[in-house]
Protein chains: 2
Amino acid sequence: MRISRETDYAIRCLIFMARRPLKVHTVMEVARPRGIPPSFLAKILQKFVKSGILSSARGVRGGFRLTRSPADITLLQVIEAVEGPISLNDCMVERETCSLASRCAAHSAWKEIQGVLAAKLGEYTIRMLADQEEYTPAFEAGIAEEGP
Amino acid sequence: MRISRETDYAIRCLIFMARRPLKVHTVMEVARPRGIPPSFLAKILQKFVKSGILSSARGVRGGFRLTRSPADITLLQVIEAVEGPISLNDCMVERETCSLASRCAAHSAWKEIQGVLAAKLGEYTIRMLADQEEYTPAFEAGIAEEGP
DNA sequence: CTCATATCGGACAATATCTATCTGATTTGA
DNA sequence: TCAAATCAGATAGATATTGTCCGATATGAG
């Protein structure tokens, strides 16, 4: 009943990138200041490219860039990009797993609760989180680089 | 971001026991009709005893029994009895894990979302779920025993 | 008193998932 | 042509989940 560390990394990464939404960031530029293992972050960024949150460019001046405004990226979108569609119980995804099938008493309850959770996650945007972050010298060092 | 199978077992178990709230159930009486591994269920029942949802009695006519009405047992209580206090993110529990400490932008967001989720889970009772369960011959076979 | 029944508690094994790394391939611009 | 980067897949290591087993203890029945 909790998000994975991967998802936590993913959110921190986007908050960081949102500081300079137009810049093309390399894996290392994001991983180092945020303390995320670079090769692990690379995997996460791939998922963002596949889900359309980021675009990527290979080669010398390549890297990753937000495809839309941080204000248009919700926590729900981020979580689903990384973990797949949210489902509180296995039987939400595959009905077969629900051993009591159609008469599973909890099924509709999970569905409702999940709906409330998803709605709430959809209210929070990366922009909101980024705006909230305090500025400190150490933090500034991380984002004070040249860019577009 | 999903409940464990253990929690799923736990809820099904309580729904089953709620059919006959005064009866003293043995592990086997609950495990067999619900298809839960008996020795695994035994562990779950221990947690319920520790959290006060069930009382237990050893020996020949021993077993487990609800300590209060199914209408007074919420999903939140059940989940917390099994999984411990709910926390969507590790940094909810141990602040040290939150690598950016006090300036973690997501911290307050998680706190709010978690609050909404907990509130929703607190709305659902075992009674509500048990009432919703359909009666079928196969199911009746499971609960049609002597007792309380 | 003895015995079968049941919970209690801990250790343990098997499995699955999560986290992280590495390697080779491909693309790109200087 | 070369260095810088992403891309894709394999794989190892760590951790969590799921499930089993066993000895200890308590209890009521005979």
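Worth saying up front: this structure is predicted, and the values here are computed from it rather than measured. In the text below, chain A, chain B and the rest are named by the order of the sequence lines, each starting its count at 1. All values below were derived from every heavy atom in this structure, side-chain atoms included, with hydrogens, water molecules and symmetry-related copies excluded.
- Closest contact between the side chain of A:T26 and the listed nucleotides C:dA6, C:dA20, D:dA5 involves D:dA5.
- Atoms CG (A:D8) and C1' (C:dT19) sit 13 Å apart, rounded to a whole Å.
- A:A57 comes within 4.0 angstrom of the backbone, heavy atoms only, and of no base.
- Atom NZ of A:K47 is separated from atom C1' of C:dA20 by 13 Å (rounded to the nearest Å).
- Heavy atoms only, all atoms of each residue included: B:G62 and B:T26 are closest at O-CG2, 3.7 Å.
- Taking every side-chain heavy atom of A:K43 into account, C:dC22 is the closest of C:dC22, C:dC8, D:dT6.
- In this structure, CD of A:E83 is placed 14 Å from P of C:dT17, rounded to the nearest angstrom.
- If you measure from atom CZ of B:R2 to atom P of C:dA16, you get 15 Å, rounded to the nearest angstrom.
- Closest approach to the B:E6 side chain among C:dC8, D:dC7, D:dT18 is made by D:dT18 (side chain taken as heavy atoms from C-beta onward).
- Following rounding to the nearest Å, A:I44 (CD1) and C:dA20 (C1') show an atom-to-atom distance of 11 Å.
- Judged purely by atom type and a 3.5 angstrom limit, B:Q114 uses its side chain to pair as donor or acceptor with the backbone of B:L88.
- A donor-acceptor pair shorter than 3.5 Å cannot be found between the side chains of B:R65 and B:S55.
- Of the candidates D:dA8, D:dC21, D:dT18, the closest approach to any side-chain atom of A:Q46 belongs to D:dA8.
- A:S39 comes within contact range of at least one nucleobase, with a heavy-atom separation under 4.0 Å.
- Side-chain atoms of B:R5 lie closest to D:dG19 of the nucleotides D:dT6, D:dG19, C:dT19.
- In this structure, B:Y9 and B:I44 have side chains that are in contact, with non-hydrogen atoms separated by less than 4.5 Å.
- Between B:M28 atom CE and C:dA6 atom P the separation is 10 Å, expressed in whole Å.
- Dashed line: the shortest gap from a side-chain N or O of B:K50 to OP1 or OP2 of C:dG9 is under 4.0 Å.
- Across all strands, B:S56 comes closer than 4.0 Å only to sugar-phosphate atoms, never to a base (heavy-atom distances).
- Among the nucleotides C:dT27, D:dA4, D:dA5, the one closest to any side-chain atom of A:V60 is D:dA4.
- With D:dG19, C:dA20, C:dT7 as the choices, the nucleotide that has an atom nearest any side-chain atom of B:R58 turns out to be C:dT7.
- Taking 4.5 Å as the limit, every side-chain heavy atom of B:T74 sits out of range of all side-chain heavy atoms of B:I79.
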